[in-house]
Structure formats: structure tokens, C-alpha cells
Chemist: 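One structure, as C-alpha cells, below. Some questions next.
FYI, side chains are in, hydrogens and waters are out, and symmetry mates aren't considered; it's all heavy atoms of this structure.
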Amino acid sequence: MNFKGRDIVSIKDFTKNEILHILDVAEKMVPIAAGKEKSELLHGYIMASLFFEPSTRTRLSFEAAMKRLGGNVIGFAQPGTTSIMKGESLADTIRTAESYCDVIVMRHPLEGSARMAAEFASVPIINGGDGAGRHPTQCLLDLFTIRKETGSIEGNKIALVGDLKYGRTVHSLAYALALFKARMVFIAPPELQMPSEVVNECRKMGAEPEIKHGIDDIEDIDVLYVTRIQKERFPDPEEYKKVAGSYRIDMETIKNAKDNLIIMHPLPRVDEIDPSIDATKHAAYFRQTFNGVPVRMALLALVLGVIK
Ligand code: NCD
């Protein structure tokens, strides 16, 4: 298996075996991610982190991953301070960044922008989220978390809850769960249901996702994957107001849940999960957040060809 020089634009670009290999490499990175072991694996390498959209976890965990492996980071999180403000194109920004680094991590509001950047760049492009499109590195850390918390991916019934229309994390995850043949339920208000192209794609792969509107019966669910309503992606603020606050997970929601139910969330949460859930054994979202570091370490080391 060779990942050297590869772009990470969509989870669809990877086979099941490649995904499992990434998760295995990530598992070995855990002590370094936690700061318990030191590493200089990426000493002398530079990662450019180009964030055209707000981010907390994706950017910080990529930067932490690079630095924990002894590498360096350049980049911006406020495109307003760059030549983009003078009218420079994305293509030129990418061509510039690549002449200063070995790998580029990019988040951009435009769907398809990561694929376009990959066409221009000779260094690997890692998609840190492209609009409502895809979020492959989040997907890998979600799979890593599901496997770590429950022992397998395929053995679970997984409910994706919330804004399935605009949420890029669930678009990537639905595809990956279909690949692993996990059972899926898509729970969302009708206006925010999973786009039909994602549902059809899952069906073509042999998955039979259940489509539901309410979160009232979750007794047979093993993993509840909750998402935020993607306010910034609504073309009309009135449409957002209609669905805002339409679902919330609290102690009442999980009263008949399985004892070993895990609740995940890519974060940030707004009001979808009541803070009273945080103290329960079901809450896996902060462990999930940590898992971003070892998974992104694995990806950086693999695409830079430092490990195979
Ligand atoms: C998500 C994103 O940016 O798509 N956050 C993340 O990367 N952890 C989810 C979201 O913004 O709701």
C-alpha cells in the first residue's frame, strides 16, 4: 500500500483496506498524540494550513499532529489578511503555498474546491472540508472512534442525526458506513434529510438506510452521531429559523437507549446535545475530538511517504 504523494479529497478515493490501514497507523500514533512519547518523524517537513472558513478542531488538530511529529506549520486562518483580498485566485494561492511546503491542508467554502486545488498542486492536498461537500479526515477520525469505542465498525447500527442536508461530515460518513456494511438510520426533519444522491449512492453499495424524522425511538441504536444545523449554508435565513432547535438530545431522549450506546458529534455543538449528557458514559464526543490528532498524524506521515 503506498500513500506517498496522494491527495485526500474524498473518502471515496480510498478502499476499505486502505481505510483500515490508516486507522491501524493512527492507533500506533496515540501515545505521541497524547504527548506521552516524543517523535521527530516529520522533522524538516512543512505543512501549510490554509483555512478560508472558521475552524477550531480541524485546524488545531492538524497543527498539533504536525508539531507532535516534529514538523513545522505555516499558513493562515484569516484569509482577510492575505492577497486573496487583492483578488488573487485560489489557483494562484495554491501555487504559491506549494512552493513553501510539503503538504497543504485546506478548508474552503466552495464545494469541489479541494479537488480543484489538487489539480493545481504537486504537493499532496488534504481536504479539511469543502463547503457542504466532503470532510474525509473527519470521516476517518469518526471511523477510528467508532472502532475504538465499540470494537468494530460493521457490527453497529448507526443513526446520523440532524442537518444531513448541508452537513459535510455525514455525507462522507454515510458513504464510509455503506462501504463497511454498517446498518444506518438517517434521522432529520424533512427539510434537512440526506440528499438523494448520497442515499442512492449508499443503496448502490448495498446499504439500506432507514429514513426517519424523529429521535423518539432509539432503543436499538449503538451509535448516535449528532450534527449541528449548518446555519451558514442556508441560502435563506427564514428557512433556518423554521428548523432551528428542531431536535435536541437530552436525558429523556436516551432513557430507553442501549446501555452501551455512544453519542458522537463532530462539534461544534450549539444546542443539539444537552450538557447534562456530557457526564454520562454515553458521551464520546470529546474523546472523538482527541482522536483527530492521531488520525491526522497518520495521514500526514503516510502522504509524506515517511511511513508506508
Ligand atoms: C464540522 C465541519 O466543519 O464540517 N466540524 C469539524 O470539522 N469538526 C462540523 C460543523 O461545523 O458542524
Chemist: Do D274 and S276 pair up side chain to side chain, a donor and an acceptor below 3.5 Å, judged on atom types alone?
Modeler: yes
Chemist: Let me see the working for F51 and T58 under side chain to side chain contact (heavy atoms under 4.5 Å, CB included), right down to the final yes or no.
Modeler: CA-CA 10 Å; F51 278 70; T58 304; 4.0 Å; yes
Chemist: If we only count heavy atoms from C-beta on, is the K165 to Q230 side-chain gap below 4.5 Å?
Modeler: no
Chemist: Could you grab the distance from atom CE of M297 to atom CG of L42, nearest 0.5 Å is fine?
Modeler: 8.5 Å
Chemist: Run the numbers on E53 and R233 for salt bridge (charged side-chain N to carboxylate O under 4.0 Å, His left out), then give the verdict.
Modeler: CA-CA 12 Å; E53 260 197 349; R233 309 221 187 276; 2.9 Å; yes
Chemist: Side-chain donor-acceptor pairs under 3.5 Å in residues 4-12, sequence neighbours left out?
Modeler:
| unit_1 | atom_1 | unit_2 | atom_2 | d |
| --- | --- | --- | --- | --- |
| R6 | NH1 | E18 | OE2 | 2.7 |
| R6 | NH2 | D13 | O | 3.1 |
| R6 | NH2 | E18 | OE1 | 3.4 |
| D7 | OD1 | I125 | N | 2.9 |
| S10 | OG | K12 | N | 3.0 |
| K12 | NZ | E201 | OE2 | 2.6 |

Chemist: What pair of heavy atoms forms the shortest contact from I263 to I277, and how long is it?
Modeler: CD1-CG2, 3.8 Å
Chemist: Between R183 and E210, is the closest basic N to carboxylate O distance under 4.0 Å?
Modeler: no
Chemist: I46 and Y100: side chain to side chain contact (heavy atoms under 4.5 Å, CB included), yes or no, with the steps?
Modeler: CA-CA 8 Å; I46 296 179; Y100 304 145; over 6 Å; no
Chemist: For a quick test of reading the model, state the closest non-hydrogen atom pair linking A77 to R59 and the distance between them.
Modeler: CB-NE, 3.5 Å
Chemist: Between P268 and T56, is there a side-chain heavy-atom distance shorter than 4.5 Å?
Modeler: no
Chemist: Does F186 belong to the same Ile/Leu/Val/Met/Phe/Trp/Tyr cluster as L192, with side-chain heavy atoms less than 4.5 Å apart forming each link?
Modeler: no
Chemist: Tell me whether V295 shares a hydrophobic cluster with L304, the cluster being built from Ile, Leu, Val, Met, Phe, Trp, Tyr side chains joined at under 4.5 Å.
Modeler: yes
Chemist: Using the rule given for side chain to side chain contact (heavy atoms under 4.5 Å, CB included), can you reason through F234 versus K242, listing the C-alpha separation, both sets of side-chain angles and the distance that settles it, and then say yes or no?
Modeler: CA-CA 11 Å; F234 279 69; K242 278 191 214 155; over 6 Å; no
Chemist: Run the side-chain hydrogen bond (donor to acceptor under 3.5 Å, both in side chains) check on T145 and D142 step by step: do they pass?
Modeler: CA-CA 5 Å; T145 304; D142 293 340; 5.4 Å; no
Chemist: Roughly how far, to the nearest 0.5 Å, is the NZ atom of K148 from the CG atom of L143?
Modeler: 14.0 Å
Chemist: For the atom pair CG (L90) and CG (L50), what is the distance rounded to the nearest 0.5 Å?
Modeler: 8.5 Å
Chemist: Do the charged groups of D130 and R115 touch, with an N to O distance under 4.0 Å?
Modeler: no
Chemist: Assess the side chains of S172 and Q138: does a donor N or O sit below 3.5 Å from an acceptor N or O?
Modeler: no
Chemist: Would you check, one step at a time, whether the test salt bridge (charged side-chain N to carboxylate O under 4.0 Å, His left out) holds for E88 with R95?
Modeler: CA-CA 11 Å; E88 185 162 59; R95 286 189 192 107; over 6 Å; no
Chemist: Using the side chain to side chain contact (heavy atoms under 4.5 Å, CB included) rule, take D278 and R269 through it: C-alpha gap first, then chi angles, then the decisive distance, then the call.
Modeler: CA-CA 12 Å; D278 298 3; R269 77 173 138 181; 2.7 Å; yes
Chemist: Establish, from distance only, whether the side-chain atoms of R107 and H135 form a donor-acceptor pair under 3.5 Å.
Modeler: yes
Chemist: Assign the ring pair F3 / H21 to parallel, tilted or perpendicular, where the plane angle (0 to 90°) is split at 30° and 60°.
Modeler: parallel
Chemist: Taking atom NZ as the centre, does K16 end up with more than 12 heavy-atom neighbours from other residues, nucleotides or ligands that are less than 6.0 angstrom away?
Modeler: yes
Chemist: Apply the side chain to side chain contact (heavy atoms under 4.5 Å, CB included) test between L300 and each candidate in D102, I126, L41, I307; give the one that qualifies.
Modeler: I126
